[in-house]
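Only one structure is covered here, and it is reproduced in the block below.
We name chains A, B, ... by the order of the sequence lines, and we start the count at 1 in each one. Note: hydrogens, waters and symmetry copies are ignored here, and every other heavy atom, side chains too, is used.
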Amino acid sequence: MSEGITLSVWRGDKDGGEEVGYQVPAVPGMVVLDALHWVQQNAQPDLAVRWNCKAAHCGSCGAEVNGEPKLLCKTRLDDYAGETVRVRPMATFPVIKDLVTDVSWNYQVAEQIPPLDPAVPAPFTMYQEDASRVQEFHRCIECFLCQDTCHVLRNHDGTDKYFGPRFMVKIAEYEMHAVDQGDRVPLLAQAAGLNMCNVTKCCTEVCPQHIRITDNAIIPLKERVVDRYYDPIRTLFRRLAGR
Amino acid sequence: MTTETLETHQYDVIVIGAGGSGLRAAVAAAEGGLKVAVITKSLLGKAHTVMAEGGAAASFGNLDAPDGWETHFYDTMRSGHFINNYRAVEIFALEAPDRVLELEEWGAVFDRTSAGRIMQRAFGAHSFRRLCHIGDHTGLELLRTMQYKSIHSGIDFFMEVTLTTLLKDGERVAGAFGYYRADGRFVLFRAKAVILSTGGWGRIYKITSNSWESTGDGAAMAFRAGADLTDMEMVQFHPTGMVWPPGVRGLLVTEGVRGEGGLLYNSEGERFMERYDPARMELSSRDVVARSIFKEVQAGRGTPHGGAWLDISHKGAEYVKRKLPAMYEQFLTLADLDITRERFEVAPTCHYTMGGIRVDAESCASSVPGLFAAGEVAAGLHGANRLGGNSLTDLLVFGRRAGLGASAYVQAWQGDAPKVDQATVEAEMVRIVAPFQRSEGINPYQLHQQLQELMTVHAGIMRSGDVLAEGLEKILDLKDRARQMMAAGSRTYNPGWHAVFDVENMLLLCEGIVRSALERKESRGAHWRTDYPDELEEFQRVNYVESYRDGEIQVRTEAVSPMPERLAKLFTYGKAPGLVSPAEREAMG
Ligand SMILES: Cc1cc2nc3c(=O)[nH]c(=O)nc-3n(C[C@H](O)[C@H](O)[C@H](O)COP(=O)(O)OP(=O)(O)OC[C@H]3O[C@@H](n4cnc5c(N)ncnc54)[C@H](O)[C@@H]3O)c2cc1C
Ligand code: SF4
Ligand code: SF4
Ligand code: FES
């Protein structure tokens, strides 16, 4: 990686745009975000890109690098030696400018999820094995790369039909919490649109936090919905019990 | 300019900043039934707090039963080298456990002890295992929990809005003005009370663990609006930042690595902390460890890229991956290095600003009526050196108190809502778009780099009178040149334009740092002067306080309030209060 890097960055706004090429000097260990910062500092100060932590902790810098959803601060340039590195905004969300998209829909979805409803006051008696069941979900940095990838949202314009994988992770976090007494199964079956997911696992593949979104969150949630609404014996039992 | 429509909002309380302190403040203010808005210059859930790793300190004593608020108080005062506001420290130590338990009820899932309680880890200069944590992403847990709590608390949110100035009606605060980052549109918030929770200004140094947001906007705005700042000379350098490769230089390596048993070595394979603090070794306070690494490098015993070795590999791969998953991943992806097998290089990195807005310990009120401050932007709790883990609990304890303080202020309100002066707003609009009108000028990014270089050399970890004085000259010169900062392009999401105001704020605070650093002619905590290498009794009695009048910074001293007898007594046993038996206490009166 001794010579320069060739970047091709989508520049534009809601009215359209195009990829623009930049030559950036290479530095060992450089990530895509470093290269974009070099462009900002030396050539185009108005190049728009979100970032905060530069350490894969905040989830601000999601974009698409050579077609794959990635965190710009975690994507090393030496993984693309000899190639042009093409950087484009997340395609699922409306673009504001350059690499910055309008992700406000995700925040609207978040408000529809009922919060934790503890059965007892803190301090909880909760063992590590109970904690471990949900702590994986707490690693989510809300980068929305899984939302960007999910075909229901991306290709089928399904933002009115499905909350998307990020929020299945959030709901699983509460539903599997040892002390929670809330019930989000009706939400999953209706407004959250869990049935829209056909378990392609694409979301899991792009998650930079390695959360096993499909296996550990979505599938167990689907089981809960099935148990509640489609299991004939349980349904009968529930009817007899008057619930 | 004046023909541009001005979006205007009216609130009882506005909270500027959506880090841990801002969200906790907003929840407290909204619980009192007030109309509250939170305004943040990034997206919700991205504030700097998200980066905190190691944990939140609270003296539950879940593992070490003798721990209690008195020992937490004792450790915090000692680490702050006794220039802390003792009353703030007392409130903090007393209230910290309740604030952490609240998080548990709101959804945070901390690591657990075998008895099913919150797990606590050892950290530098804490007498007991005290840091509540979830792996090494405690800040994420705190911020996400507060985020989801606050969106269900009837609060309005304004994301990606940068505020540039506070507005006043006579002496009282009246609101704030700024712009939407997405399209550059102006926006005005009228409010009876304003809570600042804008974080610190760690971006003033070249090597820093801080995010782009840490440009001190809140402190600079408050300073210009007439609020006093204090302890500005006190900047914390964390001993362990990443060193290699260059792109990650400064990125934090959590103190949790040493808390979990990590050891420091120099290039000669010595555990050099033996030389500087044989009792506490790697778990000495941050100021001491940072200085020790610095001195080792200066003595020619540094690692290839100018740091020290840190090694945790002896704890075994399984343990390291479970307790420090983010660190493991960070080194693997960014440095091609497996910390479960290899040692790695670390060196000091700018981390935290102890100084800031001078506030009342009970209510977080500043010297401007209606203006409150909490979190890293406020000063007093940490004194000359912050203890690891004390910031996260600071955010919760004083975030809540600022929210309550602002509520009480609003509830006691008599008469009309404060008026906003039209001419001031119009002048600010002109100032904000001025960088576009300069067809030739200075690139703000380059000015920022020059400022960072200058601060690193002249007011960094090692200081002296001559070098500081020279630094001051250079800052004043940069301030002059800063008037020529320009922006190109449109007002749509334009980071080059936004950077202009960040740099202006940082310049003002840098001048403040250097002016107080010149005055404190001793070494204390994070402030190390080679021309006055000793800690001097007379300086323990004062805080340096700054005010800004007619464009000039004035520095004065204010006496540190002495601790009352009941607290002073805690320092007379010769050991941590938690280790003193009731009989010993009796004997010593
Ligand atoms: C890498 C790292 C690790 C850390 N680990 C720990 C730890 O383990 N334990 C611990 O106790 N402490 C730790 N700290 C310190 C601690 O995280 C911070 O001090 C703390 O999070 C600061 O929180 P805050 O609420 O004061 O503000 P921040 O979280 O800094 O938030 C500031 C907010 O203000 C907003 N803002 C700023 N300026 C403006 C403006 N002009 N207009 C509108 N909004 C504005 C920002 O958008 C943001 O929302 C760590 C720090 C770092 C850098
Ligand atoms: S598994 Fe479901 S949520 Fe994930 S990408 Fe596929 S359809 Fe979307
Ligand atoms: S689940 Fe993973 S990919 Fe989705 S938002 Fe969270 S961290 Fe990002
Ligand atoms: S900048 Fe925070 S995740 Fe990339």
Task: Contact class of A/V179 relative to chain B, heavy atoms under 4.5 angstrom - done: neither
Open item on the list: For B/N494 versus A/P45, what's the shortest heavy-atom pair and its separation?
Closed with: OD1-O, 4.0 Å
Task: Donor-acceptor contact below 3.5 Å, side chain A/R139 vs main chain B/L140 - done: no
Open item on the list: Below 4.5 Å, heavy-atom pairs only: which of A/Q209, A/H57, A/R76, A/E129 has the largest tally toward chain B?
Closed with: A/R76
Task: Contact winner vs chain A - B/G489, B/G107, B/G135, heavy-atom pairs under 4.5 Å - done: B/G107
TODO: Sort B/A487 into side chain, backbone, both or neither according to what part of it lies under 4.5 angstrom from a heavy atom of chain A.
DONE: neither
Task: Heavy-atom donor-acceptor pair, A/K54 side chain to B/L251 backbone, under 3.5 Å - done: no
Task: Part of A/P118 within contact of chain B (heavy atom distance under 4.5 Å) - done: side chain
Open item on the list: Tell me which of these, A/S104, A/P114, A/A56, A/G59, has more heavy-atom pairs under 4.5 Å with chain B than the rest.
Closed with: A/G59
Open item on the list: Taking B/L44's backbone N and O only, do any of them form a donor-acceptor pair with A/Y107's side chain (distance below 3.5 Å, no angle check)?
Closed with: yes
TODO: Look at the rings of A/Y174 and B/Y148 and say which category their plane angle falls in: under 30° parallel, 30 to 60° tilted, over 60° perpendicular.
DONE: perpendicular
Open item on the list: So for B/A488, is it side chain, backbone, both, or neither that comes closer than 4.5 Å to the heavy atoms of chain A?
Closed with: backbone
Task: Which portion of A/I141 sits near chain B, non-hydrogen atoms under 4.5 angstrom - done: both
Open item on the list: Could you report the tightest heavy-atom contact between A/L116 and B/E104, atom names first, then the distance?
Closed with: CD2-O, 4.1 Å
- [ ] Heavy-atom distances under 4.5 Å only: say whether B/D111 touches chain A with side chain, backbone, both or neither.
- [x] both
Task: Nearest heavy-atom neighbours spanning A/I96 and B/T492 - done: O-CG2, 4.3 Å
Open item on the list: For the backbone of B/F110 and the side chain of A/H138, can you confirm whether one donor and one acceptor N or O come within less than 3.5 Å of each other?
Closed with: no
Task: Proximity breakdown for B/M159 and chain A, heavy-atom pairs closer than 4.5 Å - done: side chain
- [ ] Would you indicate whether the side-chain heavy atoms of B/E105 and A/F124 approach each other to under 4.5 Å?
- [x] yes
Open item on the list: Do the side chains of A/E142 and B/K46 get close enough for a salt bridge, i.e. N-O under 4.0 angstrom?
Closed with: no
Open item on the list: To the closest 0.5 Å, what do you measure between OG1 (A/T101) and OH (B/Y493)?
Closed with: 9.5 Å
Open item on the list: How close do B/Q330 and A/A55 get, counting heavy atoms only, and between which atoms?
Closed with: OE1-CB, 4.4 Å
Task: Closest approach of A/V27 to B/P246 (non-hydrogen atoms, all atoms of both residues) - done: CG1-CG, 3.6 Å
- [ ] Counting only heavy atoms closer than 4.5 Å, note whether B/R203 contacts chain A via side chain, backbone, both or neither.
- [x] side chain
Open item on the list: Checking side-chain polar atoms at under 3.5 Å, does A/Q41 have a donor or acceptor matched by the opposite partner on B/Q449?
Closed with: yes
Task: Structural part of A/N52 lying under 4.5 Å from a heavy atom of chain B - done: both
TODO: Please check if the side chain of A/Q40 supplies one atom and the backbone of B/P495 the other of a donor-acceptor pair under 3.5 Å.
DONE: no
- [ ] Tell me, for B/A115 versus chain A, whether the close heavy atoms (under 4.5 Å) come from the side chain, the backbone, both or neither.
- [x] backbone
TODO: Heavy atoms only, distances under 4.5 angstrom: which of B/M51, B/R144, B/E141, B/Q147 has the most pairs with chain A? Name it, please.
DONE: B/R144
Task: Region of B/E160 that comes under 4.5 Å of a non-hydrogen atom in chain A - done: side chain
Open item on the list: As an exercise, state the distance from CD of B/E213 to SG of A/C58, rounded to the nearest 0.5 Å.
Closed with: 9.0 Å
- [ ] Using a cut-off of under 4.5 Å on heavy-atom pairs, state which of B/S214, B/G45, B/S211 scores highest against chain A.
- [x] B/S211
Task: Interface moiety of B/S114 toward chain A, non-hydrogen atoms closer than 4.5 Å - done: backbone
Task: Any donor-acceptor N or O pair under 3.5 Å, side chains B/R117, A/T125 - done: yes
Open item on the list: I'd like to know which of A/V100, A/V31, A/N42, A/D102 tops the heavy-atom pair count under 4.5 Å against chain B.
Closed with: A/V100
Task: Under 3.5 Å side-chain donor-acceptor pair for A/E111 and B/H152 - done: no
Open item on the list: As an exercise: rank A/C140, A/S132, A/A178 by heavy-atom pairs under 4.5 Å with chain B and give me the winner.
Closed with: A/C140
- [ ] Please answer whether the main-chain N or O of B/S42 pairs with a side-chain N or O of A/R50 as donor and acceptor at a distance below 3.5 Å.
- [x] no
- [ ] Go through A/K74, A/Q44, A/M126 and name the one with the most non-hydrogen pairs under 4.5 angstrom from chain B.
- [x] A/M126
Open item on the list: Treating B/R112 as the side-chain partner and A/A131 as the backbone partner, does any N or O pair qualify as donor plus acceptor under 3.5 Å?
Closed with: no
Open item on the list: Given heavy-atom pairs under 4.5 angstrom as the criterion, report whether the side chain, backbone, both or neither of A/H210 touches chain B.
Closed with: side chain
Task: Minimum heavy-atom distance B/P245-A/P28, with the two atoms named - done: CB-O, 3.4 Å
Open item on the list: Taking every non-hydrogen pair under 4.5 Å, which of A/R166, A/E173, A/H37 racks up the most with chain B?
Closed with: A/R166
TODO: Please confirm whether the backbone N or O of B/W497 pairs with a side-chain atom of A/D46, one donor and one acceptor, at under 3.5 Å?
DONE: no
Task: Separation of B/D183 CG from A/D13 CG (nearest 0.5 Å) - done: 11.5 Å
